[in-house]
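Encoded as structure tokens, the structure appears first; notes follow it.
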Amino acid sequence: MEERGMETNQEVMKGSWIRVGDDGGLLVPDDPVVGFIEGDGVGPDIWAATRLVLDAAVEKSFGGAKRIFWRELLAGEKAFEATGEWVPQETLEMLRRCVVAIKGPMTTPVGEGIRSLNVMLRQVLDLYACVRPVRYFKGVPSPVRYPEKVNMVIFRENTEDLYAGIEWASGSPEARRFASILKEEFGVEVSGESAFGVKPMSRRGTQRLVRSAIRYALSRNLSSVTFVHKGNIMKYTEGAFRKWGYELAAEEFPDATVTEAEVLEEHGGKVPFGRVVIKDRIADSMFQQALLRPEEYHVLATPNLNGDYLSDALAAQVGGLGMAPGANIGDSCAVFEATHGSAPKYAGLDRVNPGSLILSGVMMLEHLGWDEAGRMVTGAMEKTIADRVVTYDLARQMEGAREVKCSEFAQAVVERM
């Protein structure tokens with residue numbers, strides 16, 4: 001197989017395609033073709049480190065019986081320089097063909113310019129679930145006293161809410177027309193020259209996210225799923241998110257779930273064996289709970305904006321985004337990614353922490369069903385950090401640390417497998 005390049009007429013000579021089965025599960029060959037997007041800024045540095053670690057883990061776990069065949073897909077600045085497009089159509093087609101891909105961070109201009117490429121990929125490929133596990137690695141500096149109590153997985157709805165991109169600038173003809181419609185048809189007055197953003201949320205979008213969150217909790221024996229919303233204020237959007245979530249749990253998982261209220265009222269405060277408890281929390285209260293009683297929460301299902309805030313806040317409790325993995329998952333495609341930005345000032349310096357992308361690679365291995373390799377990476381990273389062999393972001397906060405480059409950290413992880 002050609003491992004670099006975007007030639008549309010070139011056949012893949014090595015590796016086999018992953019397929020989606022009739023039941024929605026993946027049919028993964030021993031030699032899968034997996035797409036990768038290097039990303040912008042520090043993307044090439046952390047991708048090189050990640051690839052080294054993932055390839056070593058697969059080799060050591062399966063003794064050569066399994067191997068990933070990587071195929072580069074262009075997106076972001078590299079794609080624009082080569083093709084004049086930020087995300088070429090061929091990249092979208094190949095992401096669908098590969099079924100599974102991994103990407104570094106891509107630059108998103110603030111306030112103007114191109115729209116977020118990350119948001120575009122999620123919406124075009126219908127990657128409706130942003131999944132972000134947050135856990136603590138012993139030895140990582142943290143601003144809280146008991147970071148080890150944080151072990152949650154956020155399921156953030158990825159395609160709706162304010163991130164749908166339906167907005168109009170202050171003073172634009174569209175904004176003025178929208179203000180006129182509000183006033184004339186609904187009797188709603190807004191201040192002059194307002195900007196507007198529309199917040200669509202649907203039953204379908206909510207329930208497919210909640211379904212994924214509950215299935216995840218059941219498959220991993222996690223004891224609760226909590227809906228995080230602001231339904232006390234936004235009653236017909238986030239309030240509906242809560243309502244639709246409870247309805248889905250009752251309709252599709254009646255024998256596997258139980259509500260928090262039912263535990264108290266019908267089961268004497270004791271959770272029936274094998275049941276997942278369905279809870280809900282107001283978003284601002286959940287931020288307090290994440291600090292005060294994080295051990296009581298396991299899977300969080302959230303609308304788009306709430307999940308963005310909450311996943312970053314939880315990552316801070318365990319040491320920052322440098323150690324926070326993420327994935328965007330749909331029914332027919334999944335893209336695993338670093339959760340931090342592209343940090344262009346560090347581009348090419350071989351300096352930044354590749355932990356976020358490496359751990360996203362662990363999620364990818366688990367998605368493939370290659371859990372042995374995923375566990376090997378996680379265990380080796382734990383040993384490396386415990387030995388205080390870390391990149392600058394952690395070294396400056398750890399007494400007695402040995403500061404290493406991005407590539408050297410990856411090599412240290414491989415050595416501890």
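All residue numbers refer to positions in the sequence shown, counting from 1. Just the heavy atoms: all of them, side chains too, but no hydrogens, waters or symmetry mates, feed the values below.
Enclosure of atom OH in Tyr309 is not indicated, since only 12 or fewer non-hydrogen atoms of other residues, nucleotides or ligands lie within 6.0 angstrom. The 12-atom threshold is exceeded at CZ of Arg220, counting heavy atoms of other residues, nucleotides or ligands nearer than 6.0 Å. Heavy-atom contacts from other residues, nucleotides or ligands closer than 6.0 Å to CG of Asp23 number more than 12. Residue-environment remark: NZ (Lys199) exceeds the threshold of 12 foreign heavy atoms within 6.0 Å.
At least one side-chain heavy atom of Leu209 sits under 4.5 Å from a side-chain heavy atom of Phe241. Considering only heavy atoms from C-beta on, Leu26 comes within 4.5 Å of Val100 through its side chain. In this structure the side chain of Val134 never reaches within 4.5 angstrom of the side chain of Asn151, judged on heavy atoms. With contacts defined as side-chain heavy-atom distances shorter than 4.5 Å, the pair Thr391/Val352 does not qualify. Taking the side chain as every heavy atom from C-beta outward, Leu27 and Val20 never approach each other to under 4.5 Å. Side-chain contact between Pro147 and Gln317: absent, with no pair of heavy atoms (C-beta onward) separated by less than 4.5 Å.
Side-chain polar atoms of Asn328 and Arg122 form a donor-acceptor pair below 3.5 angstrom. If you check the side chains of Asn306 and Glu238, you find a donor sitting under 3.5 Å from an acceptor. Under the 3.5 Å distance criterion, with hydrogens and angles disregarded, no donor-acceptor pair is assigned to the side chains of Asn158 and Tyr163. In the model, Glu160 has no side-chain atom that pairs as donor or acceptor with a side-chain atom of Asn304 under 3.5 Å. At a cut-off of 3.5 Å, with distance as the only test, a side-chain donor of His229 or Asp280 sits close to an acceptor on the other residue. Gln289 and Tyr297 form a side-chain donor-acceptor contact under 3.5 Å, judged by distance and modelled atom types alone.
Under the 6.0 Å distance and 45° angle rule, Arg51 counts as a cation-pi partner of Phe36. Taking the centre and axis of the six-membered ring of Phe137, the NZ or CZ atom of Arg135 falls inside the cone set by 45° and 6.0 Å.
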For a salt bridge (charged side-chain N to carboxylate O under 4.0 Å, His left out) check, start with the C-alpha distance between Arg156 and Asp308, then their side-chain angles and the critical distance, and finish with the verdict. CA-CA 7 Å; Arg156 166 191 169 196; Asp308 198 1; 3.7 Å; yes

Would Asp312 and Arg132 count as a salt bridge (charged side-chain N to carboxylate O under 4.0 Å, His left out) here? Give the steps. CA-CA 10 Å; Asp312 280 20; Arg132 293 189 176 181; 3.4 Å; yes

Check step by step if salt bridge (charged side-chain N to carboxylate O under 4.0 Å, His left out) holds for Arg293 and Glu296. CA-CA 6 Å; Arg293 297 206 294 269; Glu296 295 181 10; 3.0 Å; yes

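The pair Glu93-Arg96 does not meet the salt-bridge criterion, since no charged nitrogen lies less than 4.0 angstrom from a carboxylate oxygen. With salt bridges taken as basic N to acidic carboxylate O contacts below 4.0 Å, none links Glu252 and Arg215. At a threshold of 4.0 Å, the pair Glu38-Lys78 counts as salt-bridged, since one of the basic side-chain nitrogens sits closer than that to a carboxylate oxygen. Between Arg388 and Glu403, none of the side-chain N atoms (NZ, or NE/NH1/NH2) sits under 4.0 Å from a carboxylate O, so this pair counts as no salt bridge. A salt bridge links Arg208 to Asp126: one of the charged nitrogens lies within less than 4.0 Å of a carboxylate oxygen. Glu260 and Arg281 are joined by a salt bridge, as a carboxylate oxygen and a charged side-chain nitrogen come within less than 4.0 angstrom of each other. A salt bridge links Arg416 with Asp387: the distance from a Lys NZ or Arg NE/NH1/NH2 to an Asp or Glu carboxylate oxygen falls below 4.0 Å. Classification of Asp284 and Lys230 as a salt-bridged pair holds, one side-chain N sitting under 4.0 Å from a carboxylate O.
In terms of heavy-atom proximity, Val87 sits nearest to Ala75 at CG2-CB, 4.3 Å. For Pro29 against Trp370, the heavy-atom pair with the smallest separation is O-CZ2, 3.7 Å. Across Glu337 and Leu357, no two heavy atoms sit closer than the pair C-CD1, 4.1 Å. Taking all atoms of both residues into account, the shortest heavy-atom contact from Gly374 to Leu365 is N-CD1, 3.8 Å.
Tested against Arg203, the residues Glu157, Glu247, Glu251 include a single salt bridge (charged side-chain N to carboxylate O under 4.0 Å, His left out) partner, Glu247.
A donor-acceptor contact shorter than 3.5 Å links the side chain of Ser311 to the backbone of Gly307. With Tyr136 contributing its side chain and Val140 its backbone, the two residues share a donor-acceptor pair below 3.5 Å. A donor-acceptor contact shorter than 3.5 Å links the side chain of Thr384 to the backbone of Ala380.
Ring centroids of Tyr246 and Phe227 are separated by less than 6.0 Å, placing the two rings close together. Taking the six-membered ring for Trp and the full ring otherwise, the centers of Phe409 and Tyr392 sit at least 6.0 Å from each other.
The aromatic rings of Phe80 and Trp86 sit parallel to each other, their planes meeting at less than 30°, with 60° as the upper class boundary.
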